[in-house]
Structures are given as structure tokens and as C-alpha cells.
K.L.:
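Before I ask anything, here is the structure I am working with.
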There are 2 protein chains.
Amino acid sequence: MTTRRVNLNTESADNYLKAVFALGGPEEERVSSTALADRLGVAPASVTNMLQKLATSPVPFVEYESRRGVRLSAAGRRRALEILRHHRLLETFLYEVLGYPIEEVHDEAERLEHFISERFEERIDAKLGRPKFDPHGHCIPALSGKMSKQTSRPLSDIEEDGEFVVDSISDQDSVLLKRLNAHGVTPGARLHVLRLSQEEFVLRAGGRFKPLQLPLSGAGAVRIRPND
Amino acid sequence: MTTRRVNLNTESADNYLKAVFALGGPEEERVSSTALADRLGVAPASVTNMLQKLATSPVPFVEYESRRGVRLSAAGRRRALEILRHHRLLETFLYEVLGYPIEEVHDEAERLEHFISERFEERIDAKLGRPKFDPHGHCIPALSGKMSKQTSRPLSDIEEDGEFVVDSISDQDSVLLKRLNAHGVTPGARLHVLRLSQEEFVLRAGGRFKPLQLPLSGAGAVRIRPND
DNA sequence: CTAACTATTTAGGCATACCTAATTAAGTCC
DNA sequence: GGACTTAATTAGGTATGCCTAAATAGTTAG
């Protein structure tokens, strides 16, 4: 009985690999099925199923031990970074070249990232002047797959008031993103941070912007680095 | 027994509608299952199956009588033109903005046309200055779905030698397209046409281009109009 | 140490969009 | 007008990627 050869160059497989990459964090820790199911909006059983395929393909995309979570193999990591590169180049392109509002780039890039060719990738990269960061401040993986380490930390970690520089902003919540943008909270902006309470922050991005009160959940979406 | 509600906003359905539109011609004649199967590269049985779905959906996309062929309904025509608009705007965009070689725009556009949003469509249209023609000389349908009639005729129809202007070139065969391009056979170019024989043509696009000998099949890909 | 809880996997289904093989309808040829 | 031929349809099957429900493993609590 030969195992049937399955095609894993699919949008769906891409999304699983992206999710494992995102949830594994910089340490590439093992990720649980439930966490993946949550993030992908599918049933846990569907996750198990896909992980088994990804793990047993001729070139495995994940290392997977039953009930012990998954992490990416070298091939899986390569693929995840390629898609991430597509995503971030597309976001930059939509923002810079097509004048998209910042809060709309994510969804469009999320769809298109699976379908653009290498030529398309190369052409927009060239057109944009080989950018290193997308409009949310996230680093764009190089073609080689190399990606620089993050030295920033989440705003939600800040205990003491102070001045910081906005490093990056999550693109997951477009409503929040729009609000942050309207208050001048954009990558590179200088930020006065007041920790009102355990649950509440106040941000000020300078004279021309109104201060913004932000709950802890929102503060998790903003990453900052020291002022100088 | 209620008929199951099926979702027909799929890439596959799009492709069937496009094919019916293309094969139906300007007169929107009925198209046979076999012709569709050929063009789409699927088995005739698959065509029958999809046509039945397209015909019986709450808003039908085709008029279909068993064994008598199909044509588009108003809704189907609208959809086909929308996709065609996407396709041709994308081709123009890839060519003008991203500097694609002419023979590569088709395949990329063919993939992306199904996934771009209305915003994307609007932004590239604006960026390009609301173009009326794509780089192959094909007219881009307006947002309203209106499309001007073709007054050109295929080069293969020409019996007598003469001077003509290139109207448009089919984007179906990229190898041919590249060759035509290399010999200066591009939309708007002035063309000396010699009919060597029933099967062979010779084209000359002016001093700086070498003459090109073309078989009847290749001549079918070029549409021309009178010189002045 | 066993009961209970929770995470995960297995088993069995469904929809989409294909396929092949078998059947039926329609058109043509004496 | 019956026999052929060809086009088109029906019937039944496959792979993908999802689902729910049931079973199982691992973990925690008394």
C-alpha cells in the first residue's frame, strides 16, 4: 500500500505554515493544535489532519509528534517566510504605489500573497527600492529568507511612563489600526506614554495629534523601542 | 426536497463564464459543451455539470437548454465583463507600471483577475489614467459593462496585399506574441502585408524591423484595420 | 491512585470540481 | 426509416479541505 501523493502547494497549506510561524514566535517553540485552530478559524480536527499531511510529505514542512505540537521544518520555514515576504511587499506596494488607506492593505495582501509570481514579487520589490520594512513597521524578509531580529517590545509591557519610538503596529485589527493612525501612532513616531492603570494607557504622538486612551488589549498591538 | 444552494462565486465559475463570453463572439451565439470543454481543458461531462449549476442558480448566469448549447444571461454577461475588465486592467498595469514583457502579462493577469478587490481595480484604473485599451490593443470594458464594438478584422481574412494598421493581437500564445513583438507587430503599428500563398503571409512593420513570415494560424492572432 | 477534565486525534460526512465509463439523443447516410 | 456516428448527458468515483461526533491520551485534583 503506497501512500498517496498529495499536493501541498495550496493556499490552505500556506496559511497553516504562516500560522505556525506566527504562533511559534522568534524561539520557534512548538505550537498546539488548538492554538492553530483558533488562529485559522477552523476546527481542531481539521488542524490535525493538515498537520499530518504537512509532516508526512516527501519533503516534510513541519516536525510533528502526535499530541506534542508542531514546529516548522527548514522547508516549512522557507515557505512561510516566502509568503510573509509576499505579504509585506504587497502591503508596502498597496500603500506606497496604489495609495491604499493603511487599514485596508492587510486584507488585500492576505488574498493576493498566494497568487503572485516570482516575477511580480521581484518587480514590486524593485519598484519600491528594495524596502526593508512594510508600512506597519514590520521587517520584510529578504529573498534569502533571512530576517533581522526584533529588539522592540510590546507597549503593553511598559510599566513606567516615558518617551518611546513606535517600532511597529499589528495589522490584525483594522479598526484599531485606523484609530491609531488617526492619532499619529505610526512607525517611527515619537510617543509619550502614560500608564493610567493596569488596564489603561494614554498615548500622545505630538502637538498636532489628540491624545489617545488605549486599553491593555490595544496596547498589545503596538511595539515600541527606546527613544534614542 | 429543496434544491441545495450552491455558491457560484468561484474562480471556476468565473472561467466558465469568461469562456462562454469569448466563444459566443460579438453576436453572443450559443456555445457547445465540447467547445467549452476544449477551451477550458476539462472533460465535457464537467462542462455539463457546471452549466447546470450556472443555469439553475437563484439568479441564473446562463441560459441553457440541454443539448442546445448555452449563452450568458444578463447577470452572466455582467460577471464575464467584470472579470474581463480585471484581466485587461491588470495586463495594462503589469505592462505599464511594473514593466513586464508583453508576453508575460497574460498568465499573471489570468491568475490575479479572480482575487483583486474593487478597490484594487479602481486604484490601478486611476493610476493608469482610465485606459481604454490594454497593451494587446483590446478594449477594456467600462465599469458599467459597456464595451465598444470591434471594427477590425483578422489578418488571416486578407486576400490582397496592402497596408494596414495593427488593431490588436491575441494574448493566448505567448511565444507567438513575443515573436510578433520582436518584429514590430504591435497595436497601432503600420503594417505592409503580403499574402504569399493560402497558407503564408509576410509582414513588414517598417524600416527598423525585419520582415516576418507567418503561417495562417499565426495570422489569425492579429487583427487589423484600414490604413487611414 | 483513580476520577474528571481538557486537548487531541480518529472516524465518518459534505461540498466543490474534477474525472471515466456508460447511456441517450440528434443528425446523417444509404 | 433504420443503422451509424458524434455530441452531450447521466452515473458513479476521486482529491481537497473543511465539518461534527466519538474515542483516547495526558494532566490535575481530591
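Residue numbers begin at 1 in each chain, while the letters A, B, ... track the order of the sequences.
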K.L.:
How would you label the contact of A:G69 with the nucleic acid (heavy atoms, under 4.0 Å): base, sugar-phosphate, or nothing?
P.N.:
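The answer is nothing, as A:G69 stays clear of every strand by at least 4.0 Å.
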K.L.:
Among the candidates D:dC19, C:dC18, D:dT10, find the nucleotide nearest to the side-chain atoms of A:S46.
P.N.:
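Nucleotide nearest to A:S46's side chain: D:dC19.
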K.L.:
Grab the CG-C1' distance between B:N15 and C:dC18 for me, whole Å please.
P.N.:
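Atom-to-atom, B:N15 to C:dC18, this comes out as 14 Å.
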K.L.:
What is the distance, to the nearest angstrom, from the CE atom on A:M50 to the C1' atom on C:dT10?
P.N.:
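Interatomic distance, CE of A:M50 to C1' of C:dT10: 17 Å.
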K.L.:
Is there a side-chain polar atom (N or O) of B:S66 under 4.0 Å from OP1 or OP2 of C:dA25?
P.N.:
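So the side chain of B:S66 is outside the cut-off, no N or O lying under 4.0 Å from OP1 or OP2 of C:dA25.
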K.L.:
Classify A:T48 by what it touches in the nucleic acid, base, sugar-phosphate, or nothing, heavy-atom distance under 4.0 Å.
P.N.:
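Counting heavy atoms under 4.0 Å across all strands, the contact made by A:T48 includes a base.
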K.L.:
Counting only side-chain nitrogens and oxygens, does A:K53 get under 4.0 Å of the OP1 or OP2 atom of D:dG17?
P.N.:
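For D:dG17, OP1 or OP2 has a side-chain N or O of A:K53 closer than 4.0 Å.
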K.L.:
Under 3.5 Å, is there a donor-acceptor pair between the side chain of B:E108 and the main chain of A:S117?
P.N.:
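Flag set: sc B:E108 to bb A:S117 pair under 3.5 Å.
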K.L.:
Suppose we screen for salt bridge (Lys or Arg N to Asp or Glu O under 4.0 Å). Which residues come up paired with B:E110, at least two apart in sequence or across chains?
P.N.:
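Per chain and number, B:E110 pairs via salt bridge (Lys or Arg N to Asp or Glu O under 4.0 Å) with B:K18.
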K.L.:
Categorize A:N49 for me: base, sugar-phosphate, or nothing, with a 4.0 angstrom heavy-atom threshold over every strand shown.
P.N.:
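Contact class for A:N49: none.
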K.L.:
Can you tell me the distance, in whole Å, between the CD atom of B:Q52 and the C1' atom of C:dT16?
P.N.:
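Atom-to-atom, B:Q52 to C:dT16, this comes out as 15 Å.
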K.L.:
Is there a side-chain contact between A:Y16 and the phosphate of D:dC18, meaning an N or O under 4.0 Å from OP1 or OP2?
P.N.:
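Yes, A:Y16 has a side-chain N/O under 4.0 Å of OP1/OP2 on D:dC18.
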